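To start, the structure under review is shown below, and the notes come after it.
Hydrogens, waters and symmetry mates are skipped; everything else that's a heavy atom, side chains included, is used. Lettering follows sequence order; numbering is per chain, from 1. On a predicted model such as this, the values are computed, not experimentally measured, just so you know.
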Amino acid sequence: MSLAAEAFVSQIAGKVPFIHVGNQVVSELGPIVQFTKAKGHSLSDGLDDVQRAEMKAYMELVNNMLLTAELYIQWCDNATAAEITRPRYSSPYSWPLNYILAYQKQWEVRRKMNAIGWAGKSLEQVYEDVSQCCQALSQRLGTQPYFFNKQPTELDALVFGHLFTILTTRLTNDELGERVKSFTNLLSFCRRIEQNYFEEQDRDSQSGASSRHSKGPSLM
Amino acid sequence: MAACMELYCWKGDWGLPSVDSDCLTVLTYAKFAGAPLKVHKITNPWRSPTGSLPALKTEDDGSVSQPSKIIISLRKQKYNADYDLSAKEGADTLAFVSLLEEKLLPALIYALWVDAKNYVDVTRRWYAENISFPLNFLLPNRFHKQQLEKLQLLRGDPMLEPGDELEKELYREAFDCMTLLSQRLGSHKFFFGDSPSSLDAYVFGHLAPLLKIRLPNRKLQHHLTSLENLQQFCTNILHLYFPSEVKESPSCKPSVRSDSSDLDDEPHKRRNQILSALVALGAMLGYAVITGIVTIKRAQTQAALEGEEEED
């Protein structure tokens, strides 16, 4: 499954992505990172304490703002919820379960928005928040290839996952995608990662006999 | 710009200008930015213009709640403590505030509102003592439910129950967060050099209650006191910007308060006990008299005895 699809599904199902190693199953980004670190693969070993603090802080920023904004747009904006989210969420189920589960999820998300103070926000304000978050990320990235200079870290993976989803998911209007695209260094950051890490994968899978999945969405 | 701005926030205690994190954040930011505010310290959130605390009332923009909106409103009035920050520092501010809200705030809510001993001995007691009758019976429990619900929603688990496992997980994340903040602060006076900014206000707002409020279950506080630079950071801000609160000598205050409150309670308690025993006895005797079980016969026999003695 492509990272973008995983990221999107994780917002719907809650516990994806997961990896299956031997007889262990580890789900969600945080535990997966810990797991791979325990196996000796870590992307953030080269960082000093201050940089690690900044990396964790920026990851929380992405979780706090981008993830919440994505949830808001999917579930609290009536147009998007009715046309796209609810049908997509309820597609595996038959009547009446599809209605019940979809509305239950919507109610749950709206309660969460209420608790964190986002319920009173208009769509315009949410777009503003996303712009603000992207601006912060853009400032931090600057002209470097990755957030902590030459090597990618967990933060790069997280930002790529969210931005790629935003840029390639069809919504009722394109404003969110346009706002993200206005940050040119973030756009080229996403393209670079897609080219370096995902096009090789696609080439490999296409040359293989098995049809893993059809060619996923792309920024190109 | 000379518009009169009024800020409504929770009362202070334990040497803090306010007991609530959000109110502390806003008060501190206003001090940093030099905003002339008329501060109303109240104990009834229904008296605030928006129904919740903290709340800022301005002539131009009406009333706003929530620390982030209040800070934006102050900035619009040209009271901006982040004026000197670079773009990267502004981005860092956003990031670290998110870190605080995601990692430290849940543990703070747990320590003050969900942990049974802390809630009953300290939080509920303070709110019950400081809110006026009859709301002091209603509001503390209401807040407790709201905070528990907020915690459940923040963690994404509607079936969350207080317990050791949850406590361990929340505190572990909070310890990490505090350690990260300590590493970022280093040996500087404030997070971005020598002058304070909104990030300093947020960090102070979240850490100061932990430092000052004496809780029975002190795991979170122990970790904070082990991080000397954060402790120094909080004490510094208190001394520089809230000297009047510090003068009330918070370290002596709790022991004096507890002694005097015990003395006050004891005679009241004894008096109440004696009074209630007397009332019960009186009621029983009155009932006996009315139904004629004991008293009347005794009077008659006594009178009869006296009569016999006189005759003799």
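A:Leu61 and B:Leu94 get closest at one heavy-atom pair: CD1-O, 3.6 Å.
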Extract the chain B to chain A donor-acceptor pairs under 3.5 Å, no hydrogen or angle test applied.
| from | atom 1 | to | atom 2 | distance (Å) |
| --- | --- | --- | --- | --- |
| B:Asp92 | N | A:Tyr58 | OH | 3.2 |
| B:Asp92 | OD1 | A:Tyr58 | OH | 2.6 |
| B:Ser98 | OG | A:Asn64 | ND2 | 3.4 |

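Contact count against chain A (heavy-atom pairs under 4.5 Å) is highest for B:Ala95 among B:Ala91, B:Ala95, B:Gly90. Across A:Gly142, A:Ala53, A:Ala57, A:Cys133, the residue that shares the most heavy-atom pairs under 4.5 angstrom with chain B is A:Ala57.
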